[in-house]
Amino acid sequence: MKKYLYKIFTDAGQKLNYLSEIYLSFDVPKIESHGDLSCNAAMLLSKKLKENPRKIAQEIISNLKLDNRIISKTEIAGPGFINFFFTPEFVTKITFDIISKCDFFGKSSKNKGKKANVEFVSANPTGPLTVGHGRNAVVGDTVANLLEWIGYTVDREYYFNNAGRQMRVLGDSVKLRYLQLLGKEILFPDDYYQGDYIKEIAKKIYKKYGDNLKDEQPEGKFKEITEVEIFEDIKNSLKRLGITHKIFYNENSLYDDGKINWLLDKYESLELTYKRDNATWLKLSKLGIEEDKVIVKSSGEPTYRLPDIGYHVTKFERGYDLIVDLFGSDHNATYPDVLAGVKALGYDDSKIKVLIHQFVTVLKKGEVVKMSTRKANYITLDELVEEAGSDVVRYFFNMRSVSSHMNFDLTLAKKQSDENPVFYLQYAHARICSIIKTVEEEKLKPSKDNLELLSSEEEQRLLKKLHLFEEEVLYSAENFEPHRICIYLEELAAAFHKFYHLHRILGSEKKLAEARLALAVATKIVIKNGLEILGVSAPERM
RNA sequence: GCCCACGUAGCUCAGUUGGAUAGAGCAACGGUUUCCUAAACCGUAGGCCACAGGUUCGAAUCCUGUCGUGGGUACCA
C-alpha cells in the first residue's frame, strides 16, 4: 500500500518540484476513521512555501493520478493531513501475496550479500549465566534473526577472556574447595567465588584425581578444568534457549598473533601515545573523548581497552559490513573509547552499532532479588528456563525495548496463565491449526478466487494488519528493536480473535468459507513467521 | 561532582525522522458459549505523560533546569 503511494507521489513530483524537498512518509493513523494511510507532506511544506497547509494539500491531491480501483477516497483533514482510503478489493489481494510467499513472507533481500557480526553474551567463564546474561543472550540472538530476515548473512560471536586476575581467583577458589574436600582446614576468603558450582567442580576433580593435585598450582589444572566445565555449562544454558554461537573469540589470540603489539606500534607511529607514571596512555582527548586513558599498565599488562580495540579491528579485517555489539549498561562507559580507538586507525566506525540494554530487576514474590556473581546470590538463567520454559523466557526478554529497565517477575513468569502474553499468541496459532484441520474434514480448501468476499470490518482490519508485517520486520531489524515484533504479534492475534468471534468459516456459503479459510491460513503463516523471529515455538495444539 | 539510560493508568510497559481525541496487557467491575479451542470475545472504570520553563501551526516526543531511579565514572572487565 505504501509502495503504491510512493510511486504516485514520485510521479506527481515531476510537476510539483517542492515534493522532492521533504522527507515523504506515510503513516497508519491512530484513529481508523482517518483512513488507511496518512501523509503530512503539506504541513512540512507550509513553512517553506509560506502557504496554508490545507491549500497545499489540495494542490497535491489534484496532481495525484489515483487509480479508483485502488484508492476509494482521499480527504484533507485536521491541520492539513492527506488521508487515503484503500478499496476493500485491493486490500483482499494481500491474502494472495502472503499465501504464495508463505515461510518467506516478511523476509527481504534488501541486504543480500552483506555480512553482519553480532557479538553477544560474551561473559567470561567464571560462573553460570545469570538472568542479566539472559536478556543479553535472547536479545542478541533475536537481533541476529532479524538481520537474517532482511538479507544479511550473520555470524553470532562470543568474546571471552580466560586470562587475567579474575580467572586466577577462580582457579584458586576451586583449589581451596578441593583442599577442603581433602580434609584441610582452610579459610575461604570472602572475595573468592562463593557459588556451589565451585564445590561441584572441586568434587569432580577429586573424583577423577583423588589427592594427586594437592600440590598443583591453581593456575594450572584447576583453572584449566574449571574453565572447561563452566564453558560447557554456559553453552548448554544457551542451547536450551536455542542459541548457538558460531564463533568463540578468545582475547588471548590477540596476543598470540601479535595484534596487541601491532596496535601499540600503530598508535605510537600516529603519535597517539605517551608514557606517564610508567604506564602507556592513549591520547583519547585528541579523539573526541574527554580524558586520556591508560592502555598499558605500569605492570606491563594492557588494560581491557587495547585488546577490545584490537578485537574490533579483526572484525573489520574479517570483512563485516555491519558489526553489532550488545552490552549491559555497566559497559556504557567503555565503548566510546573503543570506537574512538578504532576510528583513529582509519576504520569506519559507523559500521559498528553498539546496543546497550538496561538491567533486569528480578522480583520474586514481589521482592527484589539482589544479584552478585561473586557472592553467588543470584538466579541463574538455567533456573529461569527450567521454571518458566524457553518460550516464556525468550518472549519476556524480547517484549521490552532494549533501553528500558525491566522487571522480571519470576513468580509471574512461572504462572502459565493469561497474564503471560506469549500464550495468547500461541493460542491464536493453535486455534487456527485446529480450525484448518476441522474445516478440511468438510472438504473445504483455502481459495484465492473469491477474496473480494472478505469485506467485513473485522476481515479488512485483519488483512491490513497482516500486510504490515513485512514493514514491521524491516523496521525492527533496521532499528534493532525486537520488541516491536512482540507488539505487532499481539495486535495481530487480537485482530484474528475478533474476526474469529464474529465470522464463521464452517457453515458459511462455500465461496465465502474458502476465502475465509485462506485468510486464516495467511494469519497462521504470519504468526508463525513472527514467532520464528523471536525464537518462540508455534504449537499446533495447546 | 561529571557521563549514559530511564520516569506515561493501581501494576508491567508501548507510543515509528515532532502530528489529529495519549494506547495495550494484567489487576478491578459487568456481560457473552445449544456455534470451527472461553488460554477467547464485548463493555465499564482508570491519566497534570515526574516537575518547571523554552522552541512552533502542533511536544509524551526536541532544548534547558529541578527532582527521582538504575548504571558508570580505576593502571577491574
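Chain identifiers are assigned alphabetically (A, B, ...) following the order of the sequence lines, protein sequences preceding nucleic acid strands; residue numbering begins at 1 within each chain.
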Heavy atoms under 4.0 Å, any strand shown: does [X] hit a base, just sugar-phosphate, or nothing?
| X | value |
| --- | --- |
| A/His503 | base |
| A/Asn83 | base |
| A/Ser38 | base |
| A/Met43 | base |
| A/Ile487 | sugar-phosphate |
| A/Thr280 | nothing |
| A/Asn40 | base |
| A/Pro421 | nothing |

For the residue pair A/Tyr249 and A/Tyr159, categorise the inter-ring angle as parallel (less than 30°), tilted (30 to 60°) or perpendicular (more than 60°).
tilted
Parallel, tilted or perpendicular for A/Phe327 and A/His331, by the 30°/60° rule?
parallel
For [X], which residues count as a side chain to side chain donor-acceptor pair (under 3.5 Å) partner, sequence neighbours excluded?
| X | answer |
| --- | --- |
| A/Asn250 | A/Asn162 |
| A/Ser298 | none |
| A/Glu32 | A/Arg461 |
| A/His245 | none |

Give a yes or no on whether the ring-centroid distance for A/Tyr488 and A/Phe469 is below 6.0 angstrom.
yes
Contacts table for residues 278-287 of chain A: side-chain donor-acceptor under 3.5 angstrom, sequence neighbours left out:
{"unit_1": "A/Trp281", "atom_1": "NE1", "unit_2": "A/Arg276", "atom_2": "O", "d": "3.2"}
{"unit_1": "A/Lys283", "atom_1": "NZ", "unit_2": "A/Glu271", "atom_2": "O", "d": "3.1"}
{"unit_1": "A/Ser285", "atom_1": "OG", "unit_2": "A/Asp292", "atom_2": "OD1", "d": "2.7"}

Any residue in residues 472-485 of chain A with a heavy atom nearer than 4.0 angstrom to RNA chain B? Just list them by number, or reply none.
A/Tyr475, A/His483, A/Arg484
Among residues 423-436 of chain A, which contact RNA chain B at a heavy-atom distance under 4.0 Å?
A/Tyr424, A/Tyr427, A/Ala430, A/Arg431, A/Ser434, A/Ile435
Please tabulate, one pair per line, all N/O donor-acceptor pairs under 3.5 Å involving side-chain atoms of residues 21-29 of chain A, not counting sequence neighbours.
none

What side chain to side chain donor-acceptor pair (under 3.5 Å) pairs are there with at least one residue in residues 422-437 of chain A, not counting sequence neighbours?
A/Asp391-A/Gln426, A/Gln426-A/Ser537, A/Tyr427-A/Arg431, A/Arg431-A/His497
Protein-to-nucleotide contact annotation, 5' to 3' order, nucleotides 72-77 of chain B [B base; S sugar-phosphate only; - none; under 4.0 Å, heavy atom]
S--BSB
Does B/G19 have A/Phe81 stacked on its base, where the ring centres are within less than 5.5 Å and the planes differ by under 30°?
no
Would you indicate, yes or no, if B/A14 has its OP1 or OP2 atom less than 4.0 angstrom from a side-chain nitrogen or oxygen of A/Ser401?
yes
For atom CD of A/Glu290, is the number of surrounding heavy atoms from other residues, nucleotides or ligands below 6.0 Å larger than 12?
no
Each base of RNA chain B marked ( ) or [ ] if paired in-strand (Watson-Crick or G-U under 3.5 Å), | if paired to another strand and . if unpaired gives (((((((..((((.....[...)))).(((((.......))))).....(((((..]....))))))))))))....
Report all interatomic pairs (protein N or O, nucleotide N or O of nucleotides 21-23 of chain B) with separations under 3.5 Å.
none

Using a 4.5 Å cut-off on heavy atoms from C-beta on, say whether the side chain of A/Phe480 contacts that of A/Val118.
no
A/Gln358 side-chain proximity, nearest of B/A5, B/C13, B/C41:
B/A5
Is the shortest side-chain N to carboxylate O distance from A/Lys315 to A/Asp325 below 4.0 Å?
yes
